[in-house]
Amino acid sequence: MAATFASRCSRVGRCVIGGLSNCSPSLFTSSHEMICNNLFSQQQRTFIQMRTVLKVVDNSGAKKVMCIQALKGRKGARLGDTIIASVKEAHPNGKVKKGKVVYGVVVRAAMQRGRCDGSEVKFDDNAVVLVDKQGQPIGTRVFGPVPHELRQKKHVKILTLAGHIA
């Protein structure tokens, strides 16, 4: 089974690279080929690690930050973890200025995470809410969906500021 799957993937890969003139019409009808096409088009989703650029989803004044260090775990940060980041883009009249080193809580991650009921949650982008050293948010509003797993990580204040809890 695995050998046929690998051989079919290699045929699909040759068809994609070599053009559609070498492909037979029945080649794309199987579910194996659909899976192979998805494998070629998807990017690898990993932990939030050093030099990852994240979107800021609060009104603290920052637009984008770059992760300097994940404070928990060896591989990187996931949903609800705290990171240290450097502000790369900021609004001119915001509380946070460009170049400032800040703490942030990851509220959206592209890497999927399993829930207790068997479902999985993943988002389209990586997003963070800026917090101070005590864990209190710098901004007064949080934009976009926020997962309810933050309650287990003791970030209840972020949940109260969020408009939509996923």
Inset, instruction - Hey, could you give me each pair passing side chain to side chain donor-acceptor pair (under 3.5 Å) that has a residue in residues 75-86? Not counting sequence neighbours. - result: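 Of all non-adjacent pairs touching residues 75-86, those that pass side chain to side chain donor-acceptor pair (under 3.5 Å) are Asp81-Lys153.
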Legend entry - Pairwise side chain to side chain donor-acceptor pair (under 3.5 Å) hits with a residue in residues 129-149, at least two apart: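 Found Asn59-Thr140, Arg115-Glu149.
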Legend entry - Considering all heavy atoms, the nearest Ala77-Ala70 contact: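 Closest heavy-atom pair between Ala77 and Ala70: N-CB, 3.8 Å.
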Legend entry - Lys64 atom NZ, neighbour heavy-atom count above 12 within 6.0 Å: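 No, NZ of Lys64 has 12 or fewer neighbouring heavy atoms, counting only those of other groups under 6.0 Å.
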Legend entry - Over 12 non-hydrogen atoms of neighbours within 6.0 angstrom of CG in Asp117: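 Correct, the count exceeds 12.
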Inset, instruction - Look up atom CG in Asn126 and atom OG1 in Thr52, then write down how far apart they are to the nearest 0.5 Å. - result: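 OG1 of Thr52 is found 7.0 Å from CG of Asn126.
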Legend entry - Residues that Met66 engages under side-chain contact (heavy atoms from CB on, under 4.5 Å), provided they are two or more places apart: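 Applying side-chain contact (heavy atoms from CB on, under 4.5 Å) to Met66 gives Arg51, Val53, Lys88.
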Legend entry - Residues forming a side-chain contact (heavy atoms from CB on, under 4.5 Å) with Gln69, sequence neighbours excluded: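 side-chain contact (heavy atoms from CB on, under 4.5 Å) check on Gln69 returns Ile84.
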Membership question, hydrophobic clusters at under 4.5 Å side-chain separation (ILVMFWY): are [Y] and [X] in the same one?
{"X": "Leu71", "Y": "Val131", "answer": "yes"}
{"X": "Ile48", "Y": "Val87", "answer": "yes"}
{"X": "Leu130", "Y": "Leu54", "answer": "yes"}

Inset, instruction - Mark yes or no for whether Asp58, through its side chain, and Ile138, through its backbone, hold a donor-acceptor pair below 3.5 Å. - result: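 Checking the backbone N and O of Ile138 against the side chain of Asp58, no donor-acceptor pair under 3.5 Å is found.
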Solution key, residues 96-107 side-chain donor-acceptor pairs under 3.5 Å, sequence neighbours excluded:
from	atom 1	to	atom 2	distance (Å)
Lys97	NZ	Pro92	O	3.2
Lys97	NZ	Gly94	O	3.1

Legend entry - Side-chain heavy-atom pair Val121, Leu79 within 4.5 angstrom cut-off: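 The answer is yes; the side chains approach within 4.5 Å.
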Inset, instruction - For residues 101-112, pull every pair meeting salt bridge (charged side-chain N to carboxylate O under 4.0 Å, His left out), keeping only residues two or more places apart or in separate chains. - result: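 Sorted pair list: Arg108-Asp125.
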What side-chain donor-acceptor pairs closer than 3.5 Å can you find for residues 155-166, not counting sequence neighbours?
from	atom 1	to	atom 2	distance (Å)
His155	NE2	Gly80	O	3.2
Thr160	OG1	Lys157	O	2.6

